[in-house]
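Remarks on the structure that follows.
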Amino acid sequence: MPALPISIPQPISPKAVTVSLSPTSSTLHERLKNSIGSNLSGNVRMPKVLHPVENDDLRLLLLENISQDAVKAFQAQGFHVDHSTKAMSEDELVANIGSYHAIGIRSKTKITERVIKAASKLLVIGCFCIGTNQVDLETAGKAGIPVFNSPFSNSRSVAELVISEVIALSRQYFERGWEMRNGLWNKQSKGCWEVRGKTLGIVGYGHIGAQLSVLAEAFGIRVLFYDVVNIMPLGSARQVESLEALLSESDFVTLHVPELPETTNMISATQLAQMKSGAYLINNARGRVVDIPALIDALRSKHLAGAAIDVFPSEPASNGSPFDNTLNKWSDALRSLPNVILTPHIGGSTEEAQTMIGEEVSSSLSRYLNYGATVGAVNFPEVDLRAITAEQGSHVRICYVHNNIPGVLKQVNEALSPYNVEKQYSDSKGDVAYLMADIADVSPRDINRIRETISKTNTNILTRLLA
């Protein structure tokens, strides 16, 4: 099925727009989308698209070949977009990021403290992927920069990849295919197994792990899972009390955990020794979750029958780059082992996943830039207000990021006391707090006075006014 185009809320007039349901829509997705649009258009007041009071043209930098549909959607909103198919190094970012208000990256570009300090205009960061460990989240938050990602959009793609790897490892068809490409006919059944009746151990029963368990059971695979919290299983899956219990019972072990201090090298020599003899290890999570030299030893000793690795501690910055010992000192040894499937971080690399990721993250960036909404931010207080409609006249929305200390709201409310505050909401996360307020019936002089007063508070991190 072809990838669906990304749809991001566009600036619209206050007049109602009628969307008709076309009988010639080519897909069910398109027919449903048109039907929903038709039902809403006549009944809902359209939100007014807000713009920065400073009227500074917003510039976006999108790296690592982020969807062209996302580029077009941003451009349709009047944003200036610079797009690159490659990642940028830290030095390149420091040299260029000062002129951009937003940046979109995937997993290879690193947004470090040094980069954030050089980003004098940066308002928001979009990670067009699941993970956010490539961004210094704490520094970004303290700088008043929310970070958005797409934690669930590629779940199905990763789950399907794991199922394919389970079958490929159990049948050794990666090896047989490689031998055929090298002109060798080597038909054999020794060490090849059906997956039916085998046990799959899932470490991390989140969105990916849960979908994977359903797919695995459809193949007749018994599913165990381990998670740090108690989770209701789907189907006949069963949660075990410890990682050791899961490792000792599973024929296949697959990892789906974030990269945290407590998950770094969570599968090392001790845990590999706890796995069943002849078992298989699959890692599509994060590169530092597995101690690769220990895995190489387990494979060489034949304790494990195979492995599939899609993520690595250090990965090339662009396609065409070498994957050898200059990147990870054990790369050549890993590449030489039989029945080991190595893939270049492709877990979420499907047309469907990239379309959904592009849509979700682009929408999050647009909502923040246009309306100040931070719902879904991973490092920032989640705040939103109902939309200002086009019929409401002269309004201004205050987006105030400040240090989370006592007395701030008193200062803000005193500054706003001469005005009609229609709605206001505030929340905090760690040392950072975020307040949004809509002020009615304000003149241009009022707007300038409000901005000057709020931005001069001693706890101010960032003040934006949208009107």
Side-chain angles (χ1 to χ4, degrees), residues 52 54 90 93-94 97-98 100-105 109-127 129-151 228-229 258-264 286 361 364-365 367-369 371-385 397-416 421 423-438 450-466:
E54 293 83 358
E90 184 181 55
L93 285 170
V94 168
I97 202 168
Y100 292 99
H101 301 87
I103 184 170
I105 62 172
T109 302
K110 311 299 181 186
I111 308 294
T112 63
E113 180 179 2
R114 179 173 168 237
V115 172
I116 293 170
K117 287 181 177 179
S120 56
K121 295 183 178 181
L122 194 65
L123 299 173
V124 63
I125 297 170
C127 296
C129 51
I130 289 181
T132 56
N133 58 304
Q134 68 274 42
V135 179
D136 186 334
L137 297 177
E138 182 177 359
T139 299
K142 289 181 178 180
I145 303 171
V147 178
F148 296 93
N149 68 334
S150 181
V228 294
V229 297
E259 183 176 305
L260 302 169
E262 54 266 36
T263 62
T264 299
R286 285 291 177 262
V361 180
S364 296
L365 298 187
R367 286 195 300 271
Y368 180 69
L369 293 172
Y371 305 108
T374 56
V375 174
V378 298
N379 68 326
F380 212 75
E382 297 188 63
V383 178
D384 195 8
L385 293 177
R397 173 164 290 180
I398 299 170
C399 303
Y400 175 54
V401 187
H402 59 91
N403 294 311
N404 184 25
I405 60 175
V408 177
L409 293 182
K410 179 181 178 181
Q411 295 181 50
V412 173
N413 289 331
E414 287 176 350
L416 299 180
V421 181
K423 47 187 178 291
Q424 178 178 317
Y425 186 75
S426 178
D427 197 7
S428 62
K429 188 169 188 176
D431 295 330
V432 178
Y434 183 43
L435 177 144
M436 291 177 65
D438 286 349
I450 292 170
R451 177 178 54 191
E452 183 177 355
T453 303
I454 299 295
S455 62
K456 286 186 177 180
T457 56
N458 58 7
T459 58
N460 178 69
I461 296 175
L462 176 69
T463 299
R464 282 201 307 151
L465 269 66
L466 305 173

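- Remark: Thr457 engages Tyr400 in a side chain to side chain donor-acceptor pair (under 3.5 Å) (not counting sequence neighbours).
- Qualifying ring-ring contact (aromatic ring centres under 6.0 Å, His included) partners for Phe148, counting only residues two or more places apart in sequence or in other chains: none.
- Closest approach of Val432 and Pro381 over heavy atoms only: O-CG, 3.5 Å.
- Phe380 and Pro146 make their closest contact through CG-CB, 3.7 Å (heavy atoms, listed as atom of the first residue, atom of the second, distance).
- Asn413 is linked by a side chain to side chain donor-acceptor pair (under 3.5 Å) to Gln424, counting only residues two or more places apart in sequence or in another chain.
- Atoms CG and NE2, from Leu123 and His101 in turn, are 6.0 Å apart once rounded to the nearest 0.5 Å.
- One N or O on the side chain of Lys429 and one on the backbone of Val378 form a donor-acceptor pair closer than 3.5 Å.
- To the nearest 0.5 angstrom, Thr459 atom OG1 is 9.0 Å from Ile454 atom CD1.
- For Tyr368, the ring-ring contact (aromatic ring centres under 6.0 Å, His included) criterion is met by no residue, not counting sequence neighbours.
- In this structure, CG on Asp136 lies 9.0 Å from NZ on Lys142, to the nearest 0.5 angstrom.
- Summarising the geometry, atom OG1 belonging to Thr132 is positioned 5.5 Å from atom CG belonging to Asn149; distances are rounded to the nearest 0.5 Å.
- Side-chain contact between Asp431 and Asn403 is absent, with no heavy-atom pair separated by less than 4.5 Å.
- Partners of Thr112 under the side chain to side chain contact (heavy atoms under 4.5 Å, CB included) rule, at least two apart in sequence or in another chain, are Glu90, Lys110, Arg114, Val115.
- The minimum heavy-atom distance between Val135 and Ile125, with the atom names listed, is CG1-CD1, 4.1 Å.
- Atom OH of Tyr434 is separated from atom CG of Asn404 by 15.0 Å, given to the nearest 0.5 angstrom.
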| request: Give the intermediate values and the outcome of side-chain contact (heavy atoms from CB on, under 4.5 Å) for residues Leu435 and Val383. | output: CA-CA 7 Å; Leu435 177 144; Val383 178; over 6 Å; no

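- Of all the heavy atoms in Val361 and Gly126, the pair that sits closest is CG1-CA, 3.8 Å.
- To the nearest 0.5 Å, atom CD1 of residue Ile111 and atom CD1 of residue Ile103 are 4.0 Å apart.
- A pairwise comparison of heavy atoms in Cys127 and Val147 identifies SG-CG1, 3.9 Å as the closest pair.
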| said: As a quick check of understanding, evaluate side-chain contact (heavy atoms from CB on, under 4.5 Å) for Gln411 and Asn458, giving each step before the final call. | reply: CA-CA 10 Å; Gln411 295 181 50; Asn458 58 7; 3.5 Å; yes

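- Between Glu382 and Tyr425, the shortest heavy-atom distance links the atoms O-CE2, 4.1 Å.
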| field | Step-by-step side-chain contact (heavy atoms from CB on, under 4.5 Å) determination, Lys423 to Arg397 | value | CA-CA 10 Å; Lys423 47 187 178 291; Arg397 173 164 290 180; 4.2 Å; yes

| said: Using side-chain contact (heavy atoms from CB on, under 4.5 Å), reason through Gln134 and Ile105 one step at a time and then give a plain yes or no. | reply: CA-CA 9 Å; Gln134 68 274 42; Ile105 62 172; 3.7 Å; yes

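- Checked by atom type and distance alone, the side chain of Arg464 pairs as donor or acceptor with a backbone atom of Leu369 at under 3.5 Å.
- Take Ser150 and apply the side chain to side chain donor-acceptor pair (under 3.5 Å) test, not counting sequence neighbours, and it matches Ser153, Glu360.
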